[in-house]
Amino acid sequence: MKINIIINEQRKEILIKDNEYLIDVLRRNNYLSVRRGCDNTSCGVCTVLLNDKPVPSCSVLAIRCNNQRITTVEGIADEAEKLAKYFGEEGADQCGFCNPSMALTVYSLKLENPNASDDEIKEYLVGNLCRCTGYVAQHLAIKRYLGDKL
Amino acid sequence: MMEINKYVAPNSFDEVYNLLQDNKLNKIIGGGAWLKISMKKADTLIGLENLNLDYIKEENEFFEIGAMTPLRKIELNKDIRTLFSGFFNEAISKIMGVTVRNIATIGGSIMGKFAFSDLLPVLVVLDVRLKFYKIGELSFYEFLQMAKIPNDILLSIKVSKGNGLGYFHKVSKTHLDFAILNLAVVRTDRFKIAVGSRPRITKLLVNTNNFLNSQAVINDDVLLQAIEIALEEADLGDNLKASKEYREVLLKSYLKRALKQVIR
């Protein structure tokens with residue numbers, strides 16, 4: 001069947017199967033910043049925003065996104081660039097595999113709770129795993145990003 | 001990949017109910033967070049998104065929560081936070097990460113009846129009733145004891161208002177892992193204790209509750225006796241995550257902590 005979907009503010013009509021997950025549809029349509037990790041809701045690297053809320057795209061049926069808004073990291077390019085600057089300065093980046101999902105979750109935290117405390121940042125990001133850096137440098141970078149009101 | 005013939009999102013409860021009765025391979029999908037591990041095959045997968053079941057309503061005696069309400073929405077609800085000093089919200093916040101709680105629904109978490117669920121022990125100690133389309137209302141405890149999940153549509157849950165103290169603890173290797181053991185305790189004028197991930201489905205510790213509720217004074221001796229009764233009654237077991245012996249040590253330790261917290 002065909003679904004109408006808004007991806008990064010662009011309206012699209014996409015042919016899908018009833019049992020296809022959002023991650024498969026996005027990657028098939030060249031949104032390759034949406035990464036496949038555990039494929040069972042545990043690692044968070046497939047995170048996208050569904051109507052501005054972070055969700056694991058490996059567990060959302062694409063058919064349920066009919067007439068909904070999806071945002072990948074390309075859709076928040078300016079914010080992702082700001083965050084990338086702080087990630088670079090704090091040495092919070094190694095392989096980069098988790099960065100797009102991390103950026104989307106952090107952006108969503110900024111919308112929901114711009115003055116998040118240390119514990120609130122940790123709790124919000126608990127579903128986004130990073131296999132290489134540890135989390136200290138990322139935490140510092142995220143704090144600086146949230147503090148950046150420009 | 002999960003095998004499904006088709007996906008439908010009907011506009012009426014009758015349509016959903018008839019589909020459920022037509023074919024036992026027609027299944028309702030909640031949020032879909034555990035679809036990959038819980039369902040391999042369905043003929044027609046039925047979505048409830050067109051039936052306005054995503055809501056939280058406050059009535060005089062209870063809160064009514066629509067079955068399609070995401071866990072995250074409940075967690076952030078300020079009115080729900082008045083229940084047992086935020087016990088319900090706090091317990092929900094321990095379930096996986098924000099991304100999963102944005103899609104997982106209260107109805108899906110209940111109807112899945114997953115043994116590892118962190119939500120089931122919490123619901124059984126709160127005074128919760130389930131509202132179904134055809135069979136009407138039943139208590140969550142009755143639902144938990146049913147051998148077979150009703151082939152009906154869960155519309156909403158009703159959580160009675162109550163004051164008192166609550167305790168919830170999930171033991172797991174990481175925040176994102178399934179629980180090795182989870183424990184929920186509330187105290188109003190009575191104690192209610194439930195244990196989940198035993199590894200079997202959540203159990204209300206009726207004998208332990210009765211024992212505690214029959215005591216005039218709760219002192220250290222009474223607590224130790226209650227813990228002994230709980231260990232006997234909880235019927236803990238082994239699985240790949242932990243042995244029965246380890247679960248017993250955990251229950252002993254966390255139940256003591258829980259009871260001390262709720263008798264403050």
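The chains referred to below are lettered A, B, ... by the order of the sequence lines, with proteins before strands, and numbering in each begins at 1.
Side chains of Asp238(B) and Ser243(B): a donor-acceptor N/O pair is absent below 3.5 angstrom, by distance only. Looking only at atom types and distance, the side chain of Arg64(A) has a donor-acceptor partner in the side chain of Tyr7(B) under 3.5 Å away. Defined by atom type and a distance below 3.5 Å, a donor-acceptor pair is missing between the side-chain atoms of Ser93(B) and Glu75(B). Arg247(B) and Asn239(B) share a side-chain donor-acceptor pair at under 3.5 Å. Of the N and O atoms on the side chains of Asn5(B) and Thr44(B), not one donor lies less than 3.5 Å from an acceptor on the other residue.
Against chain A, the residues from residues 99-107 of chain B that qualify, each with a non-hydrogen atom under 4.5 angstrom away, are Thr99(B), Val100(B), Asn102(B), Ile103(B) in number order. Contacts from residues 173-186 of chain B to chain A, taken as heavy-atom pairs separated by less than 4.5 Å, involve His175(B), Leu176(B) in sequence order. Among the residues in residues 12-34 of chain B, those with a non-hydrogen atom closer than 4.5 angstrom to a non-hydrogen atom of chain A are Ile29(B), Gly30(B), Gly31(B), Gly32(B), Ala33(B), Trp34(B).
Within the 4.5 angstrom heavy-atom criterion, only side-chain atoms of Leu129(A), from C-beta onward, approach chain B. Only the side chain of Thr47(A) comes within contact range of chain B, judged by heavy atoms closer than 4.5 Å. Heavy atoms of Cys58(A) lying under 4.5 Å from chain B belong to its backbone as well as its side chain.
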Trace of the side-chain hydrogen bond (donor to acceptor under 3.5 Å, both in side chains) decision for Tyr124(A) with Ser108(A): CA-CA 9 Å; Tyr124(A) 205 88; Ser108(A) 168; 2.8 Å; yes
Test side-chain hydrogen bond (donor to acceptor under 3.5 Å, both in side chains) on Glu120(A) and Asn113(A) and set out the steps. CA-CA 9 Å; Glu120(A) 285 168 336; Asn113(A) 184 6; 3.2 Å; yes
I'd like to know whether Asp93(A) forms a side-chain hydrogen bond (donor to acceptor under 3.5 Å, both in side chains) with Asn99(A), so could you lay out the CA-CA distance, the side-chain angles of the two residues, the decisive distance to 0.1 Å, and finally the verdict. CA-CA 8 Å; Asp93(A) 196 16; Asn99(A) 283 6; 2.7 Å; yes
For side-chain hydrogen bond (donor to acceptor under 3.5 Å, both in side chains), just list the numbers for Tyr21(A) and Asp39(A), CA-CA rounded to whole Å, side-chain angles, deciding distance to a tenth of an Å, and then say yes or no. CA-CA 10 Å; Tyr21(A) 283 93; Asp39(A) 217 21; over 6 Å; no
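For Arg27(A), the side chain to side chain donor-acceptor pair (under 3.5 Å) test picks out no residue, with sequence neighbours left out.
Rounding to the nearest 0.5 Å gives a distance of 7.5 Å between CG of Leu83(B) and CG of Asn89(B). One distance of note links CD of Glu81(A) with CD1 of Ile76(A); it measures 11.5 Å at 0.5 Å rounding.
The aromatic rings of Phe140(B) and Phe143(B) sit tilted relative to each other, their planes meeting at an angle between 30° and 60°.
Of all the listed residues (Leu50(A), Asn40(A), Leu61(A), Leu109(A)), the one sharing the greatest number of non-hydrogen pairs under 4.5 Å with chain B is Leu61(A).
Within the cation-pi definition used here (under 6.0 Å to the ring centroid, within 45° of the axis), Lys94(B) does not qualify as a partner of Phe168(B).
Summarising the local packing, NZ of Lys256(B) is surrounded by 12 or fewer heavy atoms from other residues, nucleotides or ligands at distances under 6.0 Å.
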